[in-house]
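Note: hydrogens, waters and symmetry copies are ignored here, and every other heavy atom, side chains too, is used. Labels below follow one simple rule: chain letters A, B, ... track the order of the sequence lines, proteins then strands, and each chain is numbered from 1.
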Number of protein chains: 2
Amino acid sequence: MTQIEAEASPPQADRTIQSVDRALSVLETIARRRGEVTLQQICEDLELNASTCHHILRTLMARNYVRPGTARGRYMLGSQIVMLAEAVNVKAELPGRAKPVMDELNRVTEEAVHLAVFDRDEMITLVKREARHALKVDSGSIGKSRAMHATATGKVLLSGMSEEEVRRLCTLHGMARFTVNTCTDPEALLAELEQDRARGFSEDREEFQLYVVCTGAAVRDPAGRIIASLSVSTPINRATEAHLGLVRREVMAAGRKLSLTSLDMSEVPSS
Amino acid sequence: MTQIEAEASPPQADRTIQSVDRALSVLETIARRRGEVTLQQICEDLELNASTCHHILRTLMARNYVRPGTARGRYMLGSQIVMLAEAVNVKAELPGRAKPVMDELNRVTEEAVHLAVFDRDEMITLVKREARHALKVDSGSIGKSRAMHATATGKVLLSGMSEEEVRRLCTLHGMARFTVNTCTDPEALLAELEQDRARGFSEDREEFQLYVVCTGAAVRDPAGRIIASLSVSTPINRATEAHLGLVRREVMAAGRKLSLTSLDMSEVPSS
DNA sequence: GGACCGATTTCATGATGTGAAATCCGCGCT
DNA sequence: AGCGCGGATTTCACATCATGAAATCGGTCC
């Protein structure tokens, strides 16, 4: 093989299998190029020998991860990838990806951060980060909650549901009053959800706990369905419009970051 | 390495890269097991050395195709797979997969078979198989068609759209009359589509061409959206209820076969 | 606390992936 | 048609790299 390798690639030789690593790169390159791709394009992008690249393509084609394109010598991603993707439990692997993003959100806002999902008619808080202030908000801990109608996290999840579903849940759980601000009318809640969908975030202004304002944003799957919600809890004394503006921007950005939408297109090829 | 290999695996040594092949098997095994999986389960299924398997997992984890599960020593599929899947152009790779299925449908029914998709407000027939009879039906060839309201293929595609979308297309293309049976009333068409959705297939009884009955079924993506339609064209003289029954069953089965839904679960693990 | 079970790492060995070169194949040009 | 070129395939000898036996680590259950 190449003996003039030397410093070509950084010396960070991880303990990974070269051929597998290259095969994954090939898949990602085809994905990045969108549509049908020639052998040459792939090996240019990856600086691979055409032969090596072809061996990899042959292997991927044998298992339907890659398919021949319409024209001769063209390649495209195959259906097997979609079948694999079907088996990815997005909710289950979300906490793992969420932690670093939540740490960052926690660092920037300095407030408590929560991640919750909806499962079997319940809202379940999966991950939590504490505020970086002496005055900590003790809003909902890890586990189930019946206060979807009164929390930002809950309203985000509700905003991804149909009107009937929301009504059903209101009836099922009831709409308990927690503070003078709690919304206990299904119609008012539905109207609020409509507004939330439009502006892209939900808010709880002392509806669940007095002196606490929460701001929530959605995490979506590739089809755009809401699979989880992310929220920031701010004590009322820090809840100035300026600070809330920052919080809204950051929580929405974090939600978008966790939403699975296509590959990182940062290095879009020239041709 | 193992020298007592010999007849362990069939001698069908394709020209594929062993390590890549194994890595793909690992991914599929995790997918097949649903949820979190231990190293041991994987190497049992694949009859791989635990160390080899671990090397592969390490590589896949470095690129987020696999993630550590909630418990220690557990593995699950990672989000990168979903990102790759986003880039699979299901419509573009469909014809390739469809051909063998259409050949089979053509063989079993002995009638002409068509595959069509909807793109930019038009129905486009992509692949076609001729009937295996002296009396051939010359229904629509490859390319665009403005007869969605009068063909089985078209009605299948329309049945995957909202009422507004269907109305918009009726207005846009008009509802030309081709035969005495052509449906030219949007309301009647919408009612028919409702029925088609319920029974799972669409039919064109001499609505586009006299003496020709067509039966169509949907091809869906993993989210259940209709991405293409498959149809069989039967000349009226062969269109007995018995034959049409066969045709309906077969075209629906073929449609299901082309729809991308999870992995082949044929070899479900015991534990 | 100790023994077991399984995950992880190490490391030497040679099987296996690699890439230079040869070949094939389709397409455009004369 | 025939030729020549650009790219995709295939071949094949070499040494790199994947491999798996064994050692180590790390939890968990007695």
Side-chain angles (χ1 to χ4, degrees), chain A residues 1-9 11-27 29-30 33 36-63 66-76 271, chain B residues 1-27 29-30 33 36-63 65-76 271:
Chain A
M1 302 166 186
T2 25
Q3 57 285 37
I4 28 143
E5 179 84 25
E7 85 299 40
S9 56
Q12 42 79 282
D14 299 291
R15 201 118 308 272
T16 70
I17 299 176
Q18 188 186 57
S19 53
V20 174
D21 213 59
R22 286 174 167 182
L24 299 179
S25 296
V26 167
L27 287 174
T29 301
I30 300 176
R33 291 271 190 171
E36 310 197 355
V37 163
T38 67
L39 176 98
Q40 199 156 246
Q41 290 177 314
I42 301 171
C43 32
E44 268 170 25
D45 279 19
L46 299 176
E47 302 183 10
L48 275 184
N49 180 293
S51 171
T52 301
C53 195
H54 187 264
H55 285 308
I56 291 170
L57 284 171
R58 178 194 277 286
T59 306
L60 294 172
M61 294 208 332
R63 286 168 149 279
V66 169
R67 289 187 63 84
T70 44
R72 210 185 91 75
R74 297 300 175 89
Y75 299 93
M76 60 198 299
S271 77
Chain B
M1 303 168 186
T2 26
Q3 56 284 34
I4 28 137
E5 179 83 25
E7 85 300 39
S9 55
Q12 41 78 285
D14 297 291
R15 202 119 307 272
T16 69
I17 299 175
Q18 189 187 60
S19 53
V20 174
D21 214 58
R22 286 173 166 182
L24 300 179
S25 295
V26 167
L27 287 175
T29 300
I30 300 176
R33 290 271 188 170
E36 309 196 355
V37 165
T38 67
L39 175 94
Q40 199 155 250
Q41 290 177 314
I42 301 172
C43 30
E44 267 170 26
D45 279 18
L46 299 175
E47 302 182 9
L48 276 184
N49 180 292
S51 172
T52 302
C53 196
H54 187 263
H55 285 309
I56 292 170
L57 283 171
R58 176 195 277 286
T59 307
L60 294 172
M61 291 196 2
R63 287 169 150 277
Y65 284 76
V66 170
R67 290 187 63 84
T70 42
R72 197 180 152 287
R74 296 301 176 87
Y75 299 93
M76 60 197 301
S271 77

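Phosphate contact (OP1/OP2 of C:dT18, side-chain N/O of A:Gln18, threshold under 4.0 Å): present. Listed pair A:Thr38 / D:dG7 fails the phosphate criterion, with no side-chain N or O lying under 4.0 Å from OP1 or OP2. Residue B:Arg15 has no polar side-chain atom (N or O) positioned under 4.0 Å from OP1 or OP2 of D:dT11. Regarding contacts with the backbone of D:dC17, every side-chain N or O of A:Arg22 stays at 4.0 angstrom or more from both OP1 and OP2. For the OP1/OP2 pair of D:dA8 and a distance below 4.0 Å, the side-chain nitrogens and oxygens of A:Arg74 include no atom meeting the criterion. Residue B:Ser19 places no side-chain N or O under 4.0 Å from the OP1 or OP2 atom of D:dA18. For A:Tyr75 and D:dT9, the shortest distance from a side-chain N or O to OP1 or OP2 is below 4.0 Å.
A donor N or O paired with an acceptor N or O is not found under 3.5 Å between the base of C:dG19 and the side-chain atoms of A:His54. Side-chain N/O atoms of A:Ser51 and base N/O atoms of C:dA20 include a donor-acceptor pair closer than 3.5 Å.
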Practice prompt. Take A:Ile17 and B:Val20 through the side chain to side chain contact (heavy atoms under 4.5 Å, CB included) test and state the conclusion after the steps.
Written response: CA-CA 9 Å; A:Ile17 299 176; B:Val20 174; over 6 Å; no
Practice prompt. Start with the C-alpha gap between A:Asp45 and A:Arg33, add the side-chain angles, then the distance that decides, and say whether side chain to side chain contact (heavy atoms under 4.5 Å, CB included) holds.
Written response: CA-CA 10 Å; A:Asp45 279 19; A:Arg33 291 271 190 171; 2.7 Å; yes
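Counting only distance, with no hydrogens or angles, the side chain of B:Thr29 and the backbone of B:Ile42 share no donor-acceptor pair below 3.5 Å.
Two residues, B:Gln40 and B:Val20, neighbour DNA chain C, and the one matched to the more 5' nucleotide by heavy-atom proximity is B:Gln40.
Rounded to the nearest 0.5 angstrom, A:Gln18 CD and B:Ser19 OG are separated by 9.0 Å.
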